[in-house]
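Accompanying notes for the structure given below.
Throughout, a chain's letter reflects where its sequence line sits, starting with A, and its residues are numbered from 1. For the numbers below, each heavy atom of this structure counts, side chains included, while hydrogens, waters and symmetry mates do not.
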Amino acid sequence: MPVFQTSPGTRDIMPPEAARWRRFSDVFSTVVETAGYSCIIPPMFEDIGVFRRLGEATDVVTKEMYDFEDKGGRHVALRPEQTASVCRAFAQHRPPTPWKVWYSGPNFRYEKAQAGRYRQFDQVGIEVLGTDDPDIDVEVIFLGWDFYRRLGLSNVTLMLNSLGDTDDRQRYVDALATHFNDQKTTLSEEAQRTLEKNPLRVLDSKREQDKAAIDGAPLLKDFLGDDARVHFERVCEGLRELEVPFVVNDRLVRGLDYYRRTTFEFVSTALESSQNAVGGGGRYDGLVEELGGPPTHGIGFALGVDRTLLACDAEGVFGSSSDSVDVFVVDVVDGRHARGLSHDLRRHGFSADRAFDGRSMKSQMKAADRSGAKVAVIVGQDEVSAGTCVVRRLDSSDQVVIPRADLVDYLGSIGLKPSTETA
RNA sequence: GUGGGUAUAGCUCAGUCCGGUUAGAGCGCCAGGUUGUGGCCCUGGAGGUCGGGGGUUCAAGUCCCCUUACUCACCCCA
């Protein structure tokens with residue numbers, strides 16, 4: 001065993017998997033930039049107060065915060081998510097609204113790792129600040145849905161709910177608390193503890209013991225005020241018009257306290273583990289204000305990169321493809337020709353690799369094969385004397401001898417296109 | 001944070017129950033067969049403090065204790 005390994009809950013994304021991650025975020029940025037979202041890169045750590053606003057009763061804040069004191073005595077935390085940071089950035093810079101941004105990057109939660117759950121985990125997401133038009137809810141949800149579809153996923157279910165406005169939500173929480181307290185003796189110990197902190201999340205319990213009490217609980221939709229109800233209906237209507245299938249789930253209450261009105265979650269039915277939520281989001285009117293900004297409406301989602309890729313694996317879509325170059329230069333003289341040729345080819349926009357350490361021709365050809373190159377350019381003593389080189393196609397084994405000065409043109413003529421002109 | 005499982009070559013794993021020469025296989029890697037040609041085939045080679053520490057024993061990869069990590073589940077979440 002090596003002396004050093006990755007810390008618990010972290011891992012190296014090795015090639016070719018890392019290339020797949022980049023493609024993933026490329027697909028995502030294409031989808032959302034088409035809809036007018038701009039990239040934002042907030043810092044990875046902030047004053048811990050920024051994240052405390054996620055809710056004092058949430059696990060994310062009470063036990064999963066990756067926090068520490070820096071050398072200046074500031075109490076900071078690695079971001080557990082990016083929504084709070086985006087809202088803080090909005091309050092700090094006051095951009096014109098509606099402000100539509102997307103992000104991609106790692107987040108940190110101090111918890112025990114298991115499949116699809118890491119201490120450092122990546123999310124991509126979008127946030128829209130400054131409008132409460134139900135159409136923006138529709139747009140946001142659609143973009144998430146569309147992204148999964150473009151990856152090729154077909155077993156993703158969209159679950160939708162409305163938590164109502166602040167007053168609605170409070171009345172519902174009170175009613176829930178009353179209901180569960182009446183049935184307290186039937187609840188599991190964990191649920192009883194959850195009840196004291198946040199009655200809403202008792203609904204989240206998957207324990208058999210709690211099922212009866214949950215089934216008999218009052219329904220959220222009966223507590224929605226007129227505004228929230230109309231808003232929710234308009235969102236549903238918009239999604240139906242865009243032909244986005246969804247399931248209204250009365251029990252969908254999400255883990256963070258800031259959600260109001262629309263909440264949603266993307267669940268992969270292809271994943272068997274309990275980490276089957278591949279993405280989620282909702283409306284968080286009020287969060288910006290809590291962070292010291294003006295009253296501002298907000299909505300967004302975050303999608304877990306790891307879990308979404310697990311879902312892709314489960315469905316056999318969006319696989320990893322290995323990196324490859326256009327040309328592999330084989331030099332069986334002294335390596336100086338490989339140096340010159342690969343340099344020239346790269347300057348002309350071809351991707352080119354070569355072997356080192358003066359290996360045998362057989363060894364270099366094996367390396368050429370492994371590199372995934374379409375052609376090998378071979379230089380031996382004969383070619384050096386004649387000022388030529390051999391171009392061998394690695395798929396068909398056809399090869400021709402051409403003057404070295406014609407190499408770039410020849411490669412172009414057989415269909416290898418320089419990716420960029422860098423004269 | 002709680003409970004189960006696992007840890008042997010770069011990777012995937014035999015061997016552990018029932019302690020006993022020099023710890024194996026496949027794949028990968030390197031070299032050769034083929035002194036100018038990759039994939040297929042054949043031959044050879046390198047590569048292991050058997051996760052770490054302690055204990056029992058004449059003897060520990062194998063039994064016991066501790067520890068660390070991974071993993072699955074719970075909790076919760078992406």
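- At the heavy-atom level, A:G116 lies under 4.0 Å from base atoms of the strands shown.
- Of the nucleotides present, none pairs with B:G39 by Watson-Crick or G-U wobble criteria with both distances under 3.5 Å.
- Side chains of A:T166 and A:R260: a donor on one and an acceptor on the other come within 3.5 Å.
- Using a 4.0 Å heavy-atom cutoff across all strands shown, A:D357 reaches no nucleic acid atom at all.
- Taking the P atom of each, B:U34 and B:C72 are spaced 50 Å apart, rounded to whole Å.
- Within 4.0 Å of A:V332, counting heavy atoms only, lies no atom of the nucleic acid at all.
- Distance check on atom C1': B:G26 versus B:A14 gives 11 Å, rounded to whole Å.
- Sequence order on RNA chain B of the closest nucleotides to A:K112 and A:D382 puts A:K112 first from the 5' end.
- For the P atoms, the distance linking B:C40 with B:A78 amounts to 46 Å, nearest Å.
- With A:D331 contributing its side chain and A:R336 its backbone, the two residues share a donor-acceptor pair below 3.5 Å.
- A:V390 comes within 4.0 angstrom of a nucleotide base, judged by non-hydrogen atoms across all strands.
- Across all strands shown, A:E383 has heavy atoms under 4.0 Å from base atoms, whether or not it also approaches the sugar-phosphate.
- B:C13 and B:A7 are spaced 12 Å apart, taking the C1' atom of each and rounding to whole Å.
- For the pair A:F147 CZ and B:A78 P, the interatomic distance rounds to 17 Å; values are reported in whole Å.
- If you check every strand for non-hydrogen atoms under 4.0 Å, A:L303 touches nothing.
- Among the atoms of the strands shown, only primed sugar atoms or phosphate atoms (P, OP1, OP2) are found under 4.0 Å from some heavy atom of A:K366.
- With hydrogens and angles disregarded, no donor-acceptor distance shorter than 3.5 Å links the side chain of A:R307 to the backbone of A:G279.
- Checked by distance alone, A:E111 brings a side-chain donor or acceptor within 3.5 Å of a matching partner on the base of B:A78.
- Side-chain to base pairing of A:R307 with B:C77: one donor and one acceptor N or O lie within less than 3.5 Å of each other.
- Distance noted for atom C1' between B:G48 and B:C29: 16 Å (whole Å).
- For A:Q123 and A:N107, the side-chain atoms include at least one donor-acceptor pair closer than 3.5 Å.
- Distances from the side chain of A:K362 to the nucleotides B:U71, B:G32, B:C72 place B:G32 closest.
- Between A:Q364 and B:U37, a side-chain N or O to OP1/OP2 separation shorter than 4.0 Å is absent.
- Taking atom C1' in both B:G28 and B:A9, the straight-line distance is 11 Å, to the nearest Å.
- In this structure, A:G9 reaches the sugar-phosphate backbone alone: every heavy-atom distance under 4.0 Å involves primed, P, OP1 or OP2 atoms, never a base.
- The side chain of A:E64 has B:C76 as its nearest neighbour among B:U37, B:C76, B:A78.
- In terms of polar N and O atoms assigned as donor or acceptor, the side chain of A:R359 never comes within less than 3.5 Å of the base of B:C30 in a complementary pairing.
- The nearest pair of heavy atoms linking A:A177 to A:L195 is CA-CD1, 4.2 Å.
- Checked by distance alone, A:R109 brings no side-chain donor or acceptor within 3.5 Å of a matching partner on the base of B:C77.
- Salt bridge status for A:R171 with A:D168: present, with a side-chain N to carboxylate O gap under 4.0 Å.
- The phosphate of B:C29 has OP1 or OP2 within less than 4.0 Å of a side-chain N or O from A:R370.
- The separation of B:C30 from B:C66, taken at their C1' atoms, amounts to 41 Å, rounded to a whole angstrom.
- Counting any heavy atom pair closer than 4.0 Å across all strands shown, A:F266 reaches no nucleic acid atom.
- Place A:S360 and A:R392 on RNA chain B by their nearest nucleotides, and A:S360 ends up nearer the 5' end.
- With both ends at atom C1', the span from B:G61 to B:G20 equals 13 Å, rounded to whole Å.
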Under the side-chain hydrogen bond (donor to acceptor under 3.5 Å, both in side chains) rule, what do A:Y284 and A:E127 come out as? Steps first, then yes or no, please. CA-CA 10 Å; A:Y284 44 86; A:E127 312 289 347; 2.5 Å; yes
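- Base pairing annotation: B:G20 forms a Watson-Crick or G-U wobble pair with B:C58, both donor-acceptor distances under 3.5 Å.
- In a base pair of the Watson-Crick type (N1 to N3 plus N6-O4 or O6-N4) or a G-U wobble (N1-O2 and O6-N3), with each distance short of 3.5 Å, B:C27 is matched with B:G10.
- Residue A:S363 places at least one side-chain N or O closer than 4.0 Å to OP1 or OP2 of B:A31.
- With both pairing distances under 3.5 Å, B:C74 is matched to B:G1 as a Watson-Crick or G-U wobble pair.
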